[in-house]
Engineer: 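Could you have a look at this structure, given as structure tokens, before my questions?
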Amino acid sequence: HIRLRRIGKNPKNRPHFRVTVFDQRTGRDGRFIEELGFYNPKSGETKIKIERLDHWVKNGAQLSATVKSLAKKVRKEL
């Protein structure tokens with residue numbers, strides 16, 4: 001699965017996430033396979049390595065709904 005992982009010791013009103021590849025059995029902040037980018041919902045800043053995302057999708061990775069919408073937004077910007 002490709003989904004978001006919350007990072008840092010941010011207060012509740014300052015979330016910040018990394019887009020990461022996980023084994024489907026791990027938790028939200030558990031062990032991950034690869035980091036593909038980051039997402040800051042407060043500023044709207046998003047950066048995703050589209051080539052690596054496509055590689056993982058071709059190998060059978062499932063995107064979470066949030067990551068799918070973020071990837072769609074990043075592709076439009078390119």
Side-chain angles (χ1 to χ4, degrees):
H1 286 281
I2 300 175
R3 62 180 189 245
L4 297 177
R5 177 174 63 103
R6 190 169 180 153
I7 60 168
K9 296 191 178 209
N10 298 322
K12 289 184 180 179
N13 62 350
R14 293 179 49 98
H16 189 80
F17 299 92
R18 294 274 167 103
V19 179
T20 53
V21 179
F22 286 91
D23 181 28
Q24 72 180 27
R25 297 168 293 222
T26 58
R28 181 192 71 181
D29 297 330
R31 187 178 176 125
F32 62 91
I33 299 170
E34 182 180 357
E35 286 185 357
L36 302 178
F38 65 89
Y39 169 56
N40 185 347
K42 287 287 189 176
S43 67
E45 185 179 6
T46 307
K47 186 172 183 179
I48 299 175
K49 298 176 190 171
I50 296 297
E51 313 85 38
R52 294 300 297 163
L53 181 82
D54 291 339
H55 166 79
W56 282 105
V57 169
K58 285 179 186 175
N59 286 324
Q62 299 290 317
L63 298 175
S64 70
T66 308
V67 173
K68 191 180 287 187
S69 67
L70 290 173
K72 189 175 179 181
K73 189 184 303 183
V74 169
R75 287 181 199 273
K76 281 185 179 180
E77 292 175 0
L78 295 178

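These figures come from a predicted structure and were not determined experimentally.
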Engineer: Nearest 0.5 angstrom please: K73 NZ to E77 CD, how far?
Structural biologist: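 Reported to 0.5 Å precision, the distance equals 7.5 Å.
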Engineer: Could you give me the CA-CA distance, side-chain angles and deciding distance for R6 and L4, then say whether side chain to side chain contact (heavy atoms under 4.5 Å, CB included) is met?
Structural biologist: CA-CA 7 Å; R6 190 169 180 153; L4 297 177; over 6 Å; no
Engineer: With the side chain counted from C-beta on, respond yes when S64 and H1 share a heavy-atom pair under 4.5 Å apart, and no when they do not.
Structural biologist: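 A side-chain contact is absent here, since even the closest heavy-atom pair is not under 4.5 Å.
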Engineer: What distance do W56 atom CH2 and E34 atom CD have between them, rounded to the nearest 0.5 Å?
Structural biologist: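 One finds 6.0 Å between CH2 of W56 and CD of E34.
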Engineer: Before you tell me yes or no, could you show the steps for L63 and K72 under side chain to side chain contact (heavy atoms under 4.5 Å, CB included), namely the whole-Å CA-CA distance, both residues' side-chain angles and the distance that decides it to 0.1 Å?
Structural biologist: CA-CA 11 Å; L63 298 175; K72 189 175 179 181; over 6 Å; no
Engineer: So, for V67 and R3, which heavy atoms are closest and what is the spacing to 0.1 Å?
Structural biologist: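 Shortest heavy-atom separation between V67 and R3 comes out as CG2-CA, 3.6 Å.
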Engineer: Rounded at 0.5 Å granularity, tell me how far OG1 in T66 sits from CZ in F17.
Structural biologist: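 These two atoms lie 8.5 Å from each other.
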Engineer: When you group the ILVMFWY residues by side-chain heavy-atom contacts below 4.5 Å and let the links chain together, are F38 and V21 in the same group?
Structural biologist: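 No.
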Engineer: CZ of R31 to OG1 of T26: how many Å apart, nearest 0.5 Å?
Structural biologist: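 Answer for the CZ-OG1 pair, R31 versus T26, is 10.0 Å.
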Engineer: Checking side chain to side chain contact (heavy atoms under 4.5 Å, CB included) for the pair V19/T46: CA distance, chi angles, key distance, verdict?
Structural biologist: CA-CA 10 Å; V19 179; T46 307; over 6 Å; no
Engineer: Give me the atom names and distance for the closest heavy-atom approach of N40 to P15.
Structural biologist: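 Heavy atoms only, the tightest pair is OD1-O, 3.6 Å.
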Engineer: Nearest 0.5 Å please: distance from the CZ atom of F22 over to the CD1 atom of I2.
Structural biologist: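 Taking CZ in F22 and CD1 in I2, the distance rounds to 11.0 Å.
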Engineer: How long is the gap from NZ on K49 to CD on E35, to the nearest 0.5 Å?
Structural biologist: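 So the NZ of K49 and the CD of E35 are separated by 8.0 Å.
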